[in-house]
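Everything below concerns the one structure shown next.
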Amino acid sequence: MLIKRPDPIPILPSEITDAGVHARRRDFLRLSIGAGLVAAAGQPLLPARAQPPSGERLSIASRTDYAAMEKPSDLEDVATYGNYIEFSFDKETAMGLANRRLRVRPWTVRIEGLVRQPRTLAIEDLLRLAPLEERVYRHRCVEGWSMVIPWVGFPLSVLLRQAEPLGSAKYVELVTATQPDTMPNLRSRQVEWPYLEGLRLDEAMHPLTLAAVGMYGQTLPGANGAPLRLVVPWKYGYKGAKSVQVIRLVEREPQTFWNKAQPEEYGFYANVNPDVDHPRWSQARERRIGEFFKRKTLPFNGYADQVAQLYAGMDLRKHY
Ligand SMILES: Nc1nc2c(c(=O)[nH]1)N[C@H]1C(S)=C(S)[C@@H](COP(=O)(O)O)O[C@H]1N2
Ligand SMILES: [Mo]
């Protein structure tokens, strides 16, 4: 997704040890499968191509499919292929590091700014705020790949209402975690940290906009933005800020990480739009991870019926 040449990322001795352990575990699992071994629960052992970290099982109150019954992507792919550039500019490296290193306890989320009642919520309380829903959404990165992901969470509006937004609040700014000791790229001065994102208040309050705390029935892996991340299924993936710590209600359109870095490439709105190409990537088609042939990209990622009216009268070529 970048830009200027990234700094080389030092490899720490602990990574080497970790990688060795993983490789041995992988070999062991391959052998087990070869021998037709079956785990105690009667489930065949899955090939451990990478290590999707196992989270805590979440109790889910309802399930809704928003991806036309498409099969969800493999958990392994979702937890090991993606962007988390605080860790690395390379996707697999970033996701591996985030899964192993991101510290997710203790964790608080602060809702502040133009609100009647600023709130600081511990993640444990946040998990109990509302019944957890599973929602299967399409997920489209501006780089041209896509996935289908069963997220677990609740509408972001539930969280925002906790703080009672004032009438003057027009936008929401999301500030994500900075952990200099776990995130090697925070030393890079080529981009400005923290990773920031933002939404217009009506987008943030839209029922499809999710505060996600899990996926595949479990708490989020570090790589996918534990312990709380934003999911806005009609927008490109970069709007989905990972590991959110502060939600700030503001009057003006907030600055966002990618927009600051390369405004001509990454707009504030970032609605999935096959008719408006990114300077480096056509947006007409996409490749579902795990599939070979490309498919057509749908306007608003297939959610036009639910969200197109949010942009009535706007020139979406200009507000890309
Ligand atoms: N904090 C943070 N959030 C982030 C990013 C990031 O680098 N840092 N990358 C974004 C981009 S470009 C994408 S495509 C999605 C990827 O989410 P996933 O790895 O869960 O698929 O996370 C978004 N959120
Ligand atoms: Mo992305």
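The first residue in the sequence is number 1, and the count goes up from there. Counting starts at 1 for both ligands and their atoms, following the listed order. Worth saying up front: this structure is predicted, and the values here are computed from it rather than measured.
- With a heavy-atom cut-off of 4.0 Å, Y195 touches ligand 1 through its side chain alone.
- Polar contact with ligand 1: present for E86 (N/O pair, distance under 3.5 Å).
- Residue-to-ligand polar distances keep W145 apart from ligand 1: every N/O pair is separated by 3.5 Å or more.
- Of all the atoms in ligand 1, the ones that sit under 4.0 Å from a non-hydrogen atom of G240 are 4 (C), 22 (O), 23 (C), 24 (N).
- With a 4.0 Å cut-off on non-hydrogen atoms, R229 touches ligand 1 through its side chain and not its backbone.
- By the 4.5 Å heavy-atom criterion applied to side chains, I247 and E173 are not counted as neighbours.
- Remark: aromatic rings of Y216 and W151 are distant, center separation not under 6.0 Å.
- Using cut-offs of 30° and 60° on the angle between ring planes, the pair Y266 and W281 is tilted.
- Of all the heavy atoms of M95, the ones lying under 4.0 Å from any atom of ligand 1 belong exclusively to the side chain.
- Heavy-atom proximity to H139, at under 4.0 Å, picks out these atoms of ligand 1: 16 (C), 17 (O), 18 (P), 21 (O).
- Close contacts between ligand 1 and C141 involve ligand atoms 14 (S) [criterion: under 4.0 Å to a heavy atom].
- The ligand atoms of ligand 1 that sit less than 4.0 angstrom from a heavy atom of G82 are 19 (O).
- Against a heavy-atom cut-off of under 4.0 Å, N224 is close to the following atoms of ligand 1: 18 (P), 19 (O), 20 (O).
- Note: no N/O pair closer than 3.5 Å links W151 and ligand 1 by distance alone.
- By the 3.5 Å distance cut-off applied to N or O atoms, K242 is counted among the residues near ligand 1.
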